[in-house]
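Working notes for the structure below.
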Amino acid sequence: MSQIKRGAFIVLEGCDRCGKSTQSRKLVEYLENCSIPVKYMAFPERSSNIGQFINAYLTNKQELNDETVHLLFTANRWEHKNHILNLLNSGTTLVVDRYAYSGLAYSVAKGMSRQWCMSPEHGLPRPDVVFYLKTHVGNLLDRGQFGEERYEKEDFQTKVARTFEEIYQMEQHYWHPIDANQTQDEIHTLIKQKTLEILKEVENTKPQVLDWLNK
């Protein structure tokens, strides 16, 4: 009996409204059309009890201090760790909109210690590839619904973008930067091509782990 080939762990990252959700959906649809088992996820995952706390905070219905918020976001990822690994090991590819990198970028942009913020993320499953959608924050202001949630402010997003660049420099061996000013179809073509490469590369490997204690 042939061994099940594991799925790929694919994450899309970048500032708010840079096109992550659109490209995630397009990639999932493409993989489904190729008969490749795939599941879409987004963090924060807002349906759990922890996710509902986070949603209330993000929609300005609840105030929490910065440390509590960061740990809630981290806990939201940890509570899905086993689910992520089970899906990958059963052959399902995961396409995830935001992950630990957003948690780090947004907290550091508030002025928090990078080392403190990274510590609780250590040991989470590590993506096989991160598609990093890059654009100038000024290009995001006119995109639909920008400004509806707590962090969608130009000055803050500029700090977030700067922190994403720092994370990219630290993790670039599996990050794939993409110019988000291209058309949706151009971006999708790039993501699609790289995804097919990654699927082949990881099919007989074990999922990786985030190793952030020594960085």
Side-chain angles (χ1 to χ4, degrees), residues 2-15 18-45 76-78 80-105 118 121-135 161 163-212 214-215:
S2 62
Q3 184 180 7
I4 294 175
K5 295 179 169 127
R6 84 160 170 94
F9 187 4
I10 298 164
V11 168
L12 286 88
E13 283 285 12
C15 292
C18 69
K20 296 180 304 302
S21 299
T22 297
Q23 292 301 327
S24 297
R25 287 193 294 269
K26 287 174 79 71
L27 180 57
V28 168
E29 183 179 354
Y30 168 74
L31 294 174
E32 286 176 339
N33 289 337
C34 294
S35 299
I36 295 171
V38 62
K39 180 177 174 60
Y40 169 80
M41 292 182 72
F43 286 102
E45 199 292 308
N76 189 229
R77 289 182 281 276
W78 275 104
H80 290 88
K81 174 195 169 187
N82 290 346
H83 183 51
I84 288 171
L85 292 175
N86 288 339
L87 285 168
L88 294 176
N89 289 323
S90 69
T92 299
T93 286
L94 282 178
V95 176
V96 181
D97 182 352
R98 293 200 186 282
Y99 194 54
Y101 316 98
S102 280
L104 180 58
M118 290 169 73
E121 310 286 349
H122 177 82
L124 281 169
R126 198 207 80 185
D128 298 302
V129 64
V130 175
F131 291 113
Y132 170 33
L133 301 184
K134 296 177 58 171
T135 185
T163 309
F164 268 126
E165 277 298 305
E166 293 171 0
I167 299 171
Y168 167 60
Q169 293 304 320
M170 184 174 69
E171 304 289 290
Q172 58 183 288
H173 56 293
Y174 62 98
W175 276 47
H176 191 71
I178 293 176
D179 179 3
N181 295 316
Q182 300 174 87
T183 67
Q184 288 186 9
D185 286 343
E186 287 170 331
I187 295 170
H188 175 58
T189 297
L190 293 171
I191 290 176
K192 178 171 70 176
Q193 291 170 345
K194 185 65 177 176
T195 294
L196 293 176
E197 292 175 20
I198 294 295
L199 285 168
K200 279 289 183 190
E201 287 175 13
V202 308
E203 60 183 13
N204 294 312
T205 67
K206 292 182 179 179
Q208 300 289 304
V209 173
L210 268 181
D211 181 9
W212 275 359
N214 300 312
K215 293 188 178 182

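Note that this is a predicted model, so its numbers are computed, not measured. Computation of the quantities below employed the complete heavy-atom set of this structure, encompassing side-chain atoms and omitting hydrogens, waters and symmetry-equivalent molecules. Along the sequence shown, residues carry numbers from 1.
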**OP:** Heavy atoms only: give me the nearest L133-K20 pair and the separation to one decimal.
**Re:** CD1-N, 3.7 Å
Subject >> Steps toward side-chain contact (heavy atoms from CB on, under 4.5 Å) verdict (Y174, V129) >> reply: CA-CA 5 Å; Y174 62 98; V129 64; 5.7 Å; no
Original post:
Considering residues at least two apart in sequence or located in another chain, which fulfil the salt bridge (Lys or Arg N to Asp or Glu O under 4.0 Å) criterion with E197?
Top reply: K194
Subject >> Atom of V95, atom of V38 and distance for their closest heavy-atom approach >> reply: CG2-CG2, 3.9 Å
Original post:
What closest approach, in Å, do L199 and A8 show between heavy atoms, and which atom pair accounts for it?
Top reply: CD2-CB, 3.8 Å
**OP:** Kindly give the heavy-atom pair with the smallest separation between A180 and C18, and that separation in Å.
**Re:** CB-O, 3.8 Å
Original post:
What do the steps show when you test R6 against V202 for side-chain contact (heavy atoms from CB on, under 4.5 Å), and what is the final call?
Top reply: CA-CA 7 Å; R6 84 160 170 94; V202 308; 3.6 Å; yes
Original post:
CD of Q208 to CG of D211: how many Å apart, nearest 0.5 Å?
Top reply: 10.0 Å
**OP:** Run the numbers on T22 and Q184 for side-chain hydrogen bond (donor to acceptor under 3.5 Å, both in side chains), then give the verdict.
**Re:** CA-CA 8 Å; T22 297; Q184 288 186 9; 4.6 Å; no
Subject >> Residues in salt bridge (Lys or Arg N to Asp or Glu O under 4.0 Å) contact with R126, at least two apart in sequence or another chain >> reply: none
Original post:
Is the backbone N or O of E45 less than 3.5 Å from a side-chain atom of N76, with the two atoms forming a donor-acceptor pair by type?
Top reply: yes
Subject >> Set of residues satisfying salt bridge (Lys or Arg N to Asp or Glu O under 4.0 Å) with respect to E165, sequence neighbours excluded >> reply: K134
**OP:** Verify the distance criterion only: is there a donor paired with an acceptor across the side chains of S24 and D97 at less than 3.5 Å?
**Re:** no
**OP:** May I ask you to check whether Y168 and E171 show a side-chain donor-acceptor distance below 3.5 Å?
**Re:** no
**OP:** Return yes if some donor-acceptor pair links the side-chain N/O of E186 with the main-chain N/O of T183 below 3.5 Å, else return no.
**Re:** yes
**OP:** Look at R77 together with E121 and state whether they make a salt bridge at an N to O cut-off of under 4.0 Å.
**Re:** yes
Original post:
Among I10, L27, L196, which one satisfies side-chain contact (heavy atoms from CB on, under 4.5 Å) with I191?
Top reply: L27
Original post:
Are the side chain of T92 and the backbone of L88 linked by a donor-acceptor contact shorter than 3.5 Å?
Top reply: no
Original post:
Within a strict 4.5 Å, meaning less than it, do heavy atoms of the I167 and L104 side chains meet?
Top reply: yes
Original post:
In chain order, what residues pass the salt bridge (Lys or Arg N to Asp or Glu O under 4.0 Å) check against K192, with sequence neighbours excluded?
Top reply: none
**OP:** Pick out which of F164, W212, Y132 makes a ring-ring contact (aromatic ring centres under 6.0 Å, His included) with Y101.
**Re:** W212
Original post:
Is there a donor-acceptor pair closer than 3.5 Å between any side-chain N or O of E13 and the backbone N or O of S102?
Top reply: yes
**OP:** Could you list the residues that satisfy ring pair (Phe, Tyr, Trp, His ring centres under 6.0 Å) with F43, not counting sequence neighbours?
**Re:** H80, Y99
Original post:
Looking at CD1 of I36 and CG of L31, how far apart are the two atoms once the value is rounded to the nearest 0.5 Å?
Top reply: 5.0 Å
Subject >> Distance in Å, E29 CD paired with C34 SG, rounded so as to fall on 0.5 Å steps >> reply: 10.5 Å
**OP:** Find the distance between CG (L210) and NE2 (H122) and round it off to the nearest 0.5 Å.
**Re:** 9.0 Å
Original post:
Does Q172 CD have over 12 foreign heavy atoms under 6.0 Å away?
Top reply: yes
Subject >> Separation of I178 CD1 from L190 CG (nearest 0.5 Å) >> reply: 5.5 Å
**OP:** Show your working on side-chain contact (heavy atoms from CB on, under 4.5 Å) between V28 and K39 and close with a plain yes or no.
**Re:** CA-CA 7 Å; V28 168; K39 180 177 174 60; over 6 Å; no
**OP:** Show the numbers, then the answer: is there a side-chain hydrogen bond (donor to acceptor under 3.5 Å, both in side chains) between E166 and T163?
**Re:** CA-CA 5 Å; E166 293 171 0; T163 309; 4.7 Å; no
Original post:
Taking all non-hydrogen atoms of both residues, which atom of G7 and which atom of T93 are closest, and how far apart?
Top reply: CA-OG1, 3.6 Å
**OP:** Taking all non-hydrogen atoms of both residues into account, name the closest pair between V11 and R98 and its distance.
**Re:** CG1-C, 4.3 Å
Original post:
With K81, which residues qualify under side-chain contact (heavy atoms from CB on, under 4.5 Å), at least two apart?
Top reply: W78, L85, P125
**OP:** To the nearest 0.5 Å, tell me how far R25 CZ sits from Y40 OH.
**Re:** 6.5 Å
